[in-house]
Amino acid sequence: MILKNGTIFTEDGFQEGSIGVVEGTFVNAGSAEGEVLDVTGKYVLPGLIDVHGHGNSGYDFSTCDENGLRTMATYLAENGITSFAPASMTVSYDSLKKAYGNALALHKNRKEKEAKVVGINMEGPFFSYGKRGAQNPEYLKLPDFEVFQDLYDSCEGLIKIADVAPELEGAMDFIKKASELCTVSVAHTEAGYDLALEAFAAGATHVTHLFNGMNGIHHRNPGVQLAALEKEQVFAELICDGIHIHPAVIRMVFQLFAGRVVMISDALSCCGMEDGEYDLGELRVTLRGLTATLDDGTLAGSVTNLFGMMKNVISYGIPAEEAIRSCTINPAKQLKMESEIGSIKEGKRADFIICDKDWNLEAVYIEGQKVR
C-alpha cells in the first residue's frame, strides 16, 4: 500500500508527502506496491494510544469477561484508538487476576476490527483513602510488591504502568522495585512537594491524571504538580474532556510540561452510552450528559474517548502537533514501546488514522489493515 500526497504527521511534525506499508510496517513509499491511496487534503496521523481507560460500551475492564473487553477494543478501534492499556480499578485480588487474564488473551489473540491491547495500567489498590476519588475504599491496601509481582507474572509482564500513593507505608521500596519492571505513577495521593520529589528519586516517572486525585497547588505548598514539573523525566497524564480540568489549566499544562503530556480518556463503562446507571469496578456511577458521578456525587472518570479529547484540546488553542504527540508518541514512551508504535516512521507498526482538515475521523488502519 502507498499513501500519497498526504499531510503526514511524523516525529518532526507535519510533512507533505507519501509513505508506504508492507506487511503491516511503515516503509519508504518507493519500496511499497499494491493499493495506492490518494490522501490529498487529508491528515495522516499515528494511531492514538490510550494508557488509561476503564471501559466503554457498557463494559468495565475490572469486572467484564473477555468478550466484554473485546467489545471495548472494537469501540476504541472504531474511534481511532489503535492501541490501549486498559486501567483496572481498586477491586479484589481475584477480580484483578481475572481481568488481567482477559487482557493477556486479547494481547495474544487480537481479532479483526479490535484495537491492540499493549499493556495494563494497574490503577489501585495502593492509594490514599483521603484521595481515593471513585476507587472502592473496601479494597484499598498498602503497597505490596509481592502482590504486584504475582499479578505481573500472571499476565506475563503485561502490566506497563503501576500506580501508587507515595505517602503510604512501604511505598518508596515498592517504587524502587516496581520501576525496574514497568513505569511507576504517582496517583490518588495526599503527598506534598517533598514527598513527591522523593518518589521521583526512587524511580516514579509518571503522574496519574494531573490535578485529579491529589491536593491542589498552593503558593506555600506546591504539591505533586510542581514536583513533577521540575523533573524532566516525569510525564503527566491529563483528562481533557473539559469537565475534569478547565481549558485554561489544560493550556497551562501543555505550555509548562511541553513534550511531557500524556492525554488519557479515563473513560468509564458508560462511555459511548446513553444516560443511566453503570458499573465502575463494583461501584455504581450515574451518567448525566457528559458527567458521571458516584451515588454521593463524587466525580468519577470521563465519558469522552481519546479522539474526542484530542479534538477538544485542538479547539482550546493547543497546537495540533502537541495535541497529537500527547496521544501517540508520549504514551508510547511511557509504555516503553516508542520503537514500535506512536509515530509514522519507517520500521514501525503501520497503525494510522486519516482525518479531514476539520479533524473528522475518516479511516482507521491497524498493521496496515483497514478496521474502519
Side-chain angles (χ1 to χ4, degrees), residues 48 50-64 68-69 71-81 84 86-90 115 121 123-124 131-136 187-188 208-214 216 237-254 261-318 323 326-327 355 358-361 372:
L48 306 192
D50 193 354
V51 300
H52 188 151
H54 297 285
N56 62 62
S57 308
Y59 293 99
D60 182 285
F61 170 55
S62 296
T63 55
C64 71
L69 186 56
T71 300
M72 288 168 51
T74 301
Y75 169 89
L76 292 174
E78 275 284 322
N79 286 279
I81 298 96
F84 72 116
S88 55
M89 294 291 293
T90 297
N121 184 333
E123 192 190 12
K131 289 295 181 182
R132 65 191 183 280
Q135 304 285 335
N136 192 335
H188 288 276
T208 296
H209 43 52
L210 195 72
F211 290 103
N212 296 113
M214 62 189 68
E237 291 182 358
L238 209 58
I239 306 172
C240 299
D241 59 354
I243 295 171
H244 285 75
I245 303 176
H246 192 280
V249 179
I250 291 173
R251 286 190 287 270
M252 179 189 74
V253 172
F254 269 91
V261 176
V262 175
M263 203 185 306
I264 62 166
S265 71
D266 200 20
L268 306 179
S269 62
C270 45
C271 177
M273 303 295 287
E274 298 179 349
D275 286 2
E277 295 182 351
Y278 297 90
D279 292 332
L280 175 61
E282 300 179 17
L283 297 177
R284 183 177 65 179
V285 294
T286 300
L287 172 64
R288 293 290 181 267
L290 294 177
T291 303
T293 57
L294 300 183
D295 290 344
D296 64 3
T298 298
L299 180 64
S302 89
V303 296
T304 304
N305 63 54
L306 190 62
F307 185 82
M309 293 200 179
M310 184 187 76
K311 290 182 68 174
N312 283 347
V313 166
I314 294 171
S315 75
Y316 298 157
I318 305 299
S326 73
C327 299
C355 303
D358 292 321
W359 305 105
N360 296 306
L361 184 62
R372 166 178 167 163

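Note that the coordinates shown come from a computational prediction; the quantities given were computed from them, not determined experimentally.
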Worksheet item: Do F211 and H246 have side chains that get closer than 4.5 Å, going by heavy atoms?
Response: no

Worksheet item: With a 4.5 Å limit on heavy-atom distance, are the side chains of N121 and E237 in contact?
Response: yes

Fill in: Minimal non-hydrogen separation, M309 against S302, with atom names
CE-OG, 3.2 Å

Practice prompt. Identify the two heavy atoms, one from C64 and one from Y59, that lie closest to each other, and give their separation to 0.1 Å.
Written response: CB-CD2, 3.9 Å

Worksheet item: Nearest 0.5 Å, what's the CG-CD1 distance between D50 and I81?
Response: 6.5 Å

Practice prompt. Please report the closest heavy-atom contact between Q135 and L283, naming both atoms and the distance.
Written response: C-CD1, 4.1 Å

Worksheet entry | Pairwise side-chain contact, V285 with L294, heavy-atom cut-off 4.5 Å (strictly under) | yes

Practice prompt. Look only at the side chain of T298 and the backbone of G133, and say whether a donor-acceptor pair between them is shorter than 3.5 Å.
Written response: no

Discussion item. Using 0.5 Å steps for rounding, measure from the CG atom of N79 to the SG atom of C271.
Written reply: 7.5 Å

Worksheet item: Residues in side-chain contact (heavy atoms from CB on, under 4.5 Å) with S88, at least two apart?
Response: F61, S62, L96, Y100, M122

Worksheet item: Side chains of K311 and N360: does their closest heavy-atom pair fall under 4.5 Å?
Response: yes

Item to complete: Identify, with sequence neighbours excluded, every residue that meets side-chain contact (heavy atoms from CB on, under 4.5 Å) alongside N212.
Response: H209, I239, H244, I245

Worksheet item: Between SG of C240 and CG of N312, what distance do you get to the nearest 0.5 Å?
Response: 7.5 Å

Worksheet item: Do F84 and L306 have side chains that get closer than 4.5 Å, going by heavy atoms?
Response: no

Item to complete: For D266, check side-chain hydrogen bond (donor to acceptor under 3.5 Å, both in side chains) against everything at least two apart and list the hits.
Response: H52, H54

Worksheet item: Does a side-chain heavy-atom distance below 4.5 Å link Y278 with D60?
Response: no

Practice prompt. Please name the pair of heavy atoms, one in E78 and one in L361, separated by the smallest distance, quoted to 0.1 Å.
Written response: O-CD2, 3.6 Å

Discussion item. Looking at every heavy atom in both G276 and R288, which two are closest together, and how far apart are they?
Written reply: N-NH1, 3.6 Å

Worksheet entry | Partners meeting side-chain hydrogen bond (donor to acceptor under 3.5 Å, both in side chains) with R284 (sequence neighbours left out) | E277, D295

Worksheet item: When rounded to the nearest 0.5 angstrom, what distance separates OG in S265 from CG in L48?
Response: 11.0 Å

Practice prompt. Would you please name every residue forming a side-chain contact (heavy atoms from CB on, under 4.5 Å) with L290, sequence neighbours left out?
Written response: I243, V303

Discussion item. List the residues meeting side-chain hydrogen bond (donor to acceptor under 3.5 Å, both in side chains) with N56, not counting sequence neighbours, and say none if there are none.
Written reply: none

Worksheet item: Which heavy-atom pair separates W359 from F307 by the least distance, and what is that distance?
Response: O-CZ, 3.3 Å

Worksheet item: To the nearest 0.5 Å, how far apart are CG in L280 and CG in L268?
Response: 5.5 Å

Worksheet item: Does any non-hydrogen side-chain atom of H188 lie less than 4.5 Å from one of T90?
Response: no

Worksheet item: Roughly how far, to the nearest 0.5 Å, is CG of D275 from CG of L287?
Response: 4.5 Å

Worksheet item: Near F254 CZ, under 6.0 Å, is it more than 12 heavy atoms from other residues, nucleotides or ligands?
Response: yes

